[in-house]
Visitor: 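Mind looking over this structure? Questions follow.
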Amino acid sequence: MSQSYRFSIGPWNISEGRDPYGPETRAPQAMATKLAQFKKGGFDAVMFHDDDVVPNIDDKNSAQVLKEARELRKQAEGEGLAIEMVAPRLWFSPQTIDGGFTSNRASDREYALKRSLQTIDIAAEMGTDLLVLWLAREGTYVRESKSAARSLQYLVDAVDKMLAHSPSIRIAIEPKPNEPVDVAYLPTPGHVLAFSHLTAAPNRVGCVIETAHCILAGLDPVDEIEFALAQNKLWSLHLNDQNGLKFDQDKPFGSSNLRTAFGQVMAIERHHFGAKDGSCIAFDTHAFRTSEVKNGLDHAINSRKTFLRLLEKARSFNQSLADQLIAARDYQALDQLVLDHLLG
Ligand code: XUL
Ligand code: MN
């Protein structure tokens, strides 16, 4: 029987349209409204930042934080949605303007760790063992301001404390080479997987791969996905698209490069992503600024539709003919076989 995939989505994927050059273009939607749309849109699970779960989280004590986490879990489950992961949002607060774990100030580093440990408690309360770390501001704008070796040690120390905080937590790091920082620490899946082996429990440190982030690093997302899958280290996926080396565009999956999208689906299918552990496929995309509220989730619904259509293409691809062409090293014909198949 063919494998079926689980799809997840974050509340930030229904956004208000603000960009660095202009304000919101859509009214904000309540969490309840978002959750109600997710199941209807074909999604099975939700990804949350800690302050999506608990707004104004820094103003609340631990008992209140965990109470709100329990309430949101109930609300999501009431809509038929599981919780995929929770991630500390370490790039908003005044204490993280110079990064969190790698900040040059000890008080900022303590804040980042405290918030991450609290996010692990939130994850437990919400029934997930997956913590995602997108290391947004861990990096530099000025090369001389930080040392890569010292920063690496700060990151290892922080992750080791998280691993010690909970014997069951799995930490998936989402690499991105730049934005908001000029040069980020752990910019690629290769860096993340090498990093995992420096920690106290490498089997509990893996990665999330996002298509656009790979393209921004000049890498082919197909190979990055397969590289991580081959090592059982891919624990979540953010599929989207990106038109070359620009700002992080988070375009609908397949909208810039259908062939690379096909390649990603082929890799996912070949390695049975999520079959054993229930890992989810998310589409970390956002609405165009011109979209109206009523169409505010269409980018993700369309991305899922494209994924499922490409899955049919992956399953009907003539692999035995491809294998013959590969054996004959007739890559010219192989290239055209893929194009003809995609063109239908
Ligand atoms: C940033 C990004 C984040 C993470 C979750 O580029 O992709 O949305 O996926 O924090
Ligand atoms: Mn992402």
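Every number for a ligand or one of its atoms is a count from 1 in the order of the listing. Quick note: residue numbers are just sequence positions, from 1.
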Visitor: Are Glu292 and Lys294 close enough for a salt bridge, meaning some N to O gap below 4.0 Å?
Guide: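 So Glu292 pairs with Lys294 through a salt bridge.
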Visitor: Using a strict threshold of under 4.0 Å (side-chain N to carboxylate O), is an ion pair present between Lys39 and Glu79?
Guide: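 So Glu79 does not pair with Lys39 through a salt bridge.
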Visitor: Do NZ/NE/NH1/NH2 and the carboxylate oxygens of Asp50 and Arg89 come within less than 4.0 Å?
Guide: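 The answer is no: the pair does not qualify as a salt bridge.
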Visitor: Which protein residues come within less than 4.0 angstrom of ligand 1, counting heavy atoms only?
Guide: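 Answer by chain and number: Trp12, His49, Trp91, Trp134, Glu174, Lys176, Glu210, His213, His238, Asp248, Asp284.
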Visitor: Which residues pass the side chain to side chain contact (heavy atoms under 4.5 Å, CB included) test with Glu269, not counting sequence neighbours?
Guide: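 Per chain and number, Glu269 pairs via side chain to side chain contact (heavy atoms under 4.5 Å, CB included) with Tyr5, Leu311, Arg315.
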Visitor: Quick one: report the N, O or S atom of Glu210 that is nearest to the Mn ion (ligand 2).
Guide: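 Output for this pair reads OE1.
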Visitor: Is the shortest distance from a Lys or Arg side-chain nitrogen in Arg73 or Glu125 to a carboxylate oxygen in the other one below 4.0 Å?
Guide: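 Looking at Glu125 together with Arg73, the answer is no, because their closest N to O distance does not fall below 4.0 Å.
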Visitor: For Asp298, which residues count as a salt bridge (Lys or Arg N to Asp or Glu O under 4.0 Å) partner, sequence neighbours excluded?
Guide: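 Scan of Asp298 (salt bridge (Lys or Arg N to Asp or Glu O under 4.0 Å), adjacent residues dropped) gives none.
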Visitor: Specify whether His49 and Trp12 have parallel, tilted or perpendicular ring planes, treating 30° as the upper limit for parallel and 60° as the lower limit for perpendicular.
Guide: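 Tilted.
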Visitor: Is there an N/O/S atom in His238 that lies less than 2.8 Å from the Mn ion (ligand 2)?
Guide: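 Within the cut-off used here (under 2.8 Å), His238 does place an N, O or S atom near the Mn ion (ligand 2).
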Visitor: Suppose we only allow N, O or S atoms; which atom of Asp284 ends up nearest to the Mn ion (ligand 2)?
Guide: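 Nearest N/O/S atom: OD2.
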Visitor: In chain order, what residues pass the side chain to side chain contact (heavy atoms under 4.5 Å, CB included) check against Asn243, with sequence neighbours excluded?
Guide: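 If we apply the side chain to side chain contact (heavy atoms under 4.5 Å, CB included) test to Asn243, skipping adjacent residues, the hits are Lys246, Gln249, Lys251, Ser256.
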Visitor: Could you confirm whether Glu174 has any N/O/S atom lying under 2.8 Å from the Mn ion (ligand 2)?
Guide: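 Checking Glu174: at least one N, O or S atom is under 2.8 Å.
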